[in-house]
Asker: 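What follows is a structure written as structure tokens; I'll ask about it next.
Note that the structure is predicted; figures quoted are calculated from it, not measured. Letters A, B, ... are given to chains in the order of the sequence lines, protein chains preceding strands, and every chain is numbered from 1.
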Amino acid sequence: MAHHERSFLPDNESIARMLEETSLCYEMAGVAFKPRAYERAAAAVRALAEDVCAVYRKHGREALDALPGIGPSIAQHIADICDHGSFAEYEELKRRFPVAVRELTAIEGLGPKRLRTLYEMFGVRTIDDLKTLLEKKSHKLAGIPGWGEKTVARLREGLALTQKAQGRQPLGFILPLAERVAARLREVPGVREVQIVGSFRRKKETVGDIDILVATSRPQLLAREVVSLPEVTYVHQQGPSRTSVRLTFGMDMDVRAIEPERWGAALLYFTGSRAHNIHLRTYAESLGYKLNEYGLFQGKRCVAVRTEEEVYEALGMQYIPPELREDQGEIEAALAHKLPDLVPYGSLQGDCQVHSNWTDGTLSIEAMARAAYESGLSYIVLTDHTKALAMTGGLDEAALARQRREVEKVNRAFRREGREFRVVHGAEVNILKDGTLDVSDKALARLECVGVGVHSYFTLSPKEQTRRLLRAIEHPLVDIFFHPTARIIGKREPIAFDVETVLEACARTGTALDIDSYPDRIDANDALVRRALQKGVRLVVSTDSHAPQHLSYRELGLGQARRGWAGAKDILNTQPVDRFLASLKRSRALS
DNA sequence: GCCGTTTTCGGCCCGACTGTTTTCAGTCG
Ligand SMILES: Nc1nc2c(ncn2[C@H]2C[C@H](O)[C@@H](COP(=O)(O)OP(=O)(O)OP(=O)(O)O)O2)c(=O)[nH]1
Ligand SMILES: [Mg+2]
Ligand SMILES: [Mg+2]
Ligand SMILES: [Zn+2]
């Protein structure tokens with residue numbers, strides 16, 4: 001085939017969406033098992049740090065086939081997408097169901113089967129079509145089997161609610177709200193234990209809803225209390241064991257009640273992920289067990305239920321930390337007793353990216369340092385912006401020199417007080433369009449730690465962007481590559497570059513990759529961390545704090561590091577300051 | 001369509017809530 005190479009390759013997200021659409025169309029068609037296969041393949045594409053098309057171009061179709069959940073057929077489909085923008089089966093399904101399946105099935109209560117009826121009987125292809133049908137022609141639905149009055153009313157409400165929904169939100173922004181609701185539930189009589197579970201417990205970068213598990217002796221009372229919480233604006237469902245509601249800030253909340261004795265099995269179920277649960281249950285079945293939220297059973301006999309540890313143990317596995325439960329190889333690793341020792345929470349000794357009011361931070365260097373000290377750290381790297389970021393009052397070489405004297409003054413104060421804390425003088429230096437930096441080498445050499453980041457020219461071609469990043473990473477005085485994709489969740493797409501090449505450059509030069517923990521950055525994220533570790537890249541965790549309350553975001557960064565299978569030894573700032581400094585590129589070059 | 005857990009061919013997680021189809025389908029967690 002004379003295949004002309006497309007210059008703008010589809011990104012992983014759009015490929016994953018095509019695979020999901022295929023899955024939904026097969027569900028509409030009533031085909032069994034293929035939907036799950038396409039759904040798994042979509043998840044595999046999303047879990048990839050590299051562009052799947054780049055993998056295909058570099059390593060061929062076999063490399064796609066080797067990915068878990070992707071076999072020969074879907075590998076060919078992906079190859080076709082990369083080469084031609086689509087694949088035959090997809091086009092065929094879209095001809096049969098020329099319907100906005102993802103948008104329409106996102107409506108609460110509307111799934112593939114009902115959508116098929118709406119399309120085939122009333123020609124509903126879009127949300128607007130559905131609105132018209134429900135607003136102006138709903139009499140047409142009367143008398144259709146399975147479309148009673150209440151069903152139609154629920155669909156109408158579902159549509160309105162879905163349009164008002166906020167969508168996925170950064171974990172760090174929603175966590176305080178979820179904790180407030182959880183605290184209220186702890187006050188309900190009969191309640192023994194309350195835990196926020198689902199994607200919160202797994203520390204996913206964004207959360208789609210709030211899932212709360214409650215151990216209680218009085219489930220009915222709990223349900224009544226849930227629906228009368230002040231934050232609740234709508235009740236989706238209310239049964240003896242599960243209540244589902246919409247909250248004031250546009251998120252849904254699922255509360256699951258369970259008998260206290262069944263805590264472990266229920267926690268396992270409600271923590272997920274769905275893919276992890278399915279895999280675990282399938283494996284349990286192969287051993288002759290049945291696993292559900294009430295326990296692990298052999299016939300009628302309950303084999304394990306009290307704790308998650310018991311359940312994993314009974315299945316012959318190591319305990320799998322929640323952050324790994326994505327069906328990305330953790331079950332196989334746990335069976336082989338080869339899970340990594342994940343970096344513990346609370347194990348950071350320093351914060352590698354902190355701003356002061358010398359640029360766009362809110363506090364003085366000293367005040368920020370004291371806040372960091374109080375929060376339990378023993379050092380921060382002060383990383384104010386440099387001059388190309390004019391709107392932040394970025395520092396030039398002279399200002400950096402003045403700032404150094406201030407840093408030393410603060411450090412002397414800590415020493416005088418006998419407090420084990422120091423400010424490391426660094427900067428967040430801009431990578432210019434051509435990969436050069438906006439500060440002279442002489443000034444960089446005088447700093448103790450230099451981080452670089454992209455703050456401009458976000459939309460260069462992947463080739464240009466890669467060349468730009470390589471030049472910065474290869475600079476001998478650059479220690480850390482900050483927020484590597486520069487994405488801002490909900491606001492700015494990640495920059496496009498050749499991930500493999502850039503990570504190899506980091507590994508080769510000893511440049512550390514940053515996990516920026518600010519909630520709408522989370523950059524590097526889980527997928528990129530995992531790929532970086534496979535390439536031998538070293539990491540740091542930073543908060544990008546501009547105010548003292550941001551310092552606690554470092555635990556989110558650790559959560560993401562854990563999701564990327566990182567251990568303490570992979571993260572430079574789990575070390576005390578001397579060893580941290582000695583492990584930076586600039587020091588290693590000297591020794 | 002994928003995969004090796006019993007199986008390279010045969011099986012694919014399991015349960016809650018809703019509406020209305022008197023026995024279950026659809027949707028969702
Ligand atoms: N066994 C099983 N468990 C499921 C299924 N769907 C969801 N769960 C469990 C695992 C999920 O983590 C948990 C909560 O469901 P959610 O839909 O809220 O998903 P989750 O919180 O993982 O992600 P989210 O951020 O809400 O999109 O319920 C399923 O199909 N089967
Ligand atoms: Mg959830
Ligand atoms: Mg949920
Ligand atoms: Zn920055």
Asker: If you measure from the P atom in B/dG4 to the same atom in B/dC13, how many Å do you get, rounded?
Answerer: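 Approximately 15 Å lies between the P atom of B/dG4 and that of B/dC13.
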
Asker: Write down the partner of B/dC24 under the Watson-Crick or G-U wobble criteria, each distance required to be under 3.5 Å.
Answerer: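 Checking every strand shown, B/dC24 finds its partner in B/dG19, with both distances under 3.5 Å.
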
Asker: For the pair made of CD in A/Glu149 and P in B/dT20, what is the distance, rounded to whole Å?
Answerer: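 For the pair A/Glu149 CD and B/dT20 P, the rounded distance is 8 Å.
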
Asker: Less than 3.5 Å apart, which donor and acceptor atoms pair up between the side chains of residues 288-295 of chain A and the rest of the protein, not counting sequence neighbours?
Answerer:
residue, atom, partner, partner atom, Å
A/Asn292, OD1, A/Tyr294, N, 2.8
A/Asn292, OD1, A/Gly295, N, 3.2
A/Glu293, OE2, A/Arg256, NH1, 3.0
A/Glu293, OE2, A/Arg256, NH2, 3.4
A/Tyr294, OH, A/Arg256, NH2, 2.9

Asker: Between A/Arg246 and A/Glu157, does the salt bridge (charged side-chain N to carboxylate O under 4.0 Å, His left out) criterion hold? Intermediate values first, please.
Answerer: CA-CA 12 Å; A/Arg246 169 64 56 88; A/Glu157 282 169 345; over 6 Å; no

Asker: In residues 294-312 of chain A, which residues come under 4.0 Å of DNA chain B by heavy atom?
Answerer: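 Residues of residues 294-312 of chain A under 4.0 Å from DNA chain B: A/Tyr294.
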
Asker: Measure from the side-chain heavy atoms of A/Ser241 and tell me the nearest of B/dA16, B/dC14, B/dC13.
Answerer: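 The answer is B/dA16.
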
Asker: When you measure from every atom of DNA chain B, which of residues 59-74 of chain A have a heavy atom less than 4.0 Å away?
Answerer: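 Of all residues in residues 59-74 of chain A, the ones placing a heavy atom under 4.0 Å from DNA chain B are A/Leu67, A/Pro68, A/Gly69, A/Ile70, A/Gly71, A/Pro72, A/Ser73, A/Ile74.
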
Asker: Please list, for nucleotides 21-27 of chain B, all pairs of protein and nucleotide N/O atoms separated by less than 3.5 Å.
Answerer:
residue, atom, partner, partner atom, Å
B/dT27, OP1, A/Gly111, N, 2.9
B/dT27, OP1, A/Gly111, O, 3.0
B/dT27, OP1, A/Arg114, N, 2.9
B/dT27, OP2, A/Lys113, N, 3.1

Asker: Tell me whether the rings of A/Tyr319 and A/Tyr312 are parallel (<30°), tilted (30 to 60°) or perpendicular (>60°).
Answerer: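 Perpendicular.
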
Asker: Can you tell which of B/dG1, B/dC14, B/dG29 lies closest to the side chain of A/Lys290?
Answerer: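 From the listed options, B/dC14 comes nearest.
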
Asker: Which residue, A/Pro240 or A/Ala106, contacts DNA chain B at a nucleotide closer to its 5' end, judged by nearest heavy atom?
Answerer: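 Nearer the 5' end of the strand: A/Pro240.
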
Asker: Could you walk me through whether A/Leu287 and A/Leu315 pass the side-chain contact (heavy atoms from CB on, under 4.5 Å) check?
Answerer: CA-CA 8 Å; A/Leu287 299 183; A/Leu315 293 172; 4.2 Å; yes

Asker: Please list, in numerical order, the residues of residues 188-204 of chain A that have a heavy atom closer than 4.0 Å to any atom of DNA chain B.
Answerer: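 Under 4.0 Å from DNA chain B: no residue of residues 188-204 of chain A.
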
Asker: Residues in side chain to side chain donor-acceptor pair (under 3.5 Å) with A/Glu326, at least two apart?
Answerer: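 Checked A/Glu326 against side chain to side chain donor-acceptor pair (under 3.5 Å); matches are A/Arg202, A/Arg563.
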
Asker: What residues form a ring pair (Phe, Tyr, Trp, His ring centres under 6.0 Å) with A/His236, not counting sequence neighbours?
Answerer: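 Residues passing ring pair (Phe, Tyr, Trp, His ring centres under 6.0 Å) with A/His236: A/Tyr234.
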
Asker: What does A/Asn292 touch in the nucleic acid at a heavy-atom separation under 4.0 angstrom: a base, only the sugar-phosphate, or nothing?
Answerer: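 Contact class for A/Asn292: sugar-phosphate only.
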
Asker: Between A/Tyr38 and A/Phe87, how do the two ring planes meet: parallel, tilted or perpendicular, split at 30° and 60°?
Answerer: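 Because their plane-to-plane angle is under 30°, the rings of A/Tyr38 and A/Phe87 count as parallel.
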
Asker: If you assign each of A/Arg281 and A/Thr243 to its closest nucleotide in DNA chain B, which residue comes earlier from the 5' end?
Answerer: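 Closest to the 5' end, via its nearest nucleotide, is A/Arg281.
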
Asker: Which residues in residues 152-167 of chain A have at least one heavy atom lying under 4.0 Å from any atom of DNA chain B?
Answerer: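 Residues of residues 152-167 of chain A under 4.0 Å from DNA chain B: A/Arg154.
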
Asker: I'd like to check the salt bridge (charged side-chain N to carboxylate O under 4.0 Å, His left out) partners of A/Lys491; sequence neighbours left out, ordered by chain and number.
Answerer: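 Result, salt bridge (charged side-chain N to carboxylate O under 4.0 Å, His left out) vs A/Lys491: A/Asp520.
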
Asker: How far does the C1' atom of B/dT21 sit from the matching atom of B/dT27, given to the nearest Å?
Answerer: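 The same atom, C1', in both gives a distance of 16 Å.
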
Asker: Can you name the residues that form a side chain to side chain donor-acceptor pair (under 3.5 Å) with A/Arg487, not counting sequence neighbours?
Answerer: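 Once residues adjacent in sequence are excluded, the partners of A/Arg487 under the side chain to side chain donor-acceptor pair (under 3.5 Å) criterion are A/Glu205.
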
Asker: Could you check whether any side-chain N or O of A/Asp80 sits under 3.5 Å from a backbone N or O of A/His77, counting only pairs where one atom can act as donor and the other as acceptor?
Answerer: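 No; judged by distance alone, with no hydrogens or angles, the pair does not exist.
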
Asker: The criterion is side chain to side chain donor-acceptor pair (under 3.5 Å); which residues satisfy it with A/Tyr26, sequence neighbours excluded?
Answerer: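 By the side chain to side chain donor-acceptor pair (under 3.5 Å) rule, A/Tyr26 matches A/Glu89.
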
Asker: Using nucleotides 4-12 of chain B, report all nitrogen or oxygen pairs with the protein that are shorter than 3.5 Å.
Answerer:
residue, atom, partner, partner atom, Å
B/dT5, O2, A/Ser286, OG, 3.4

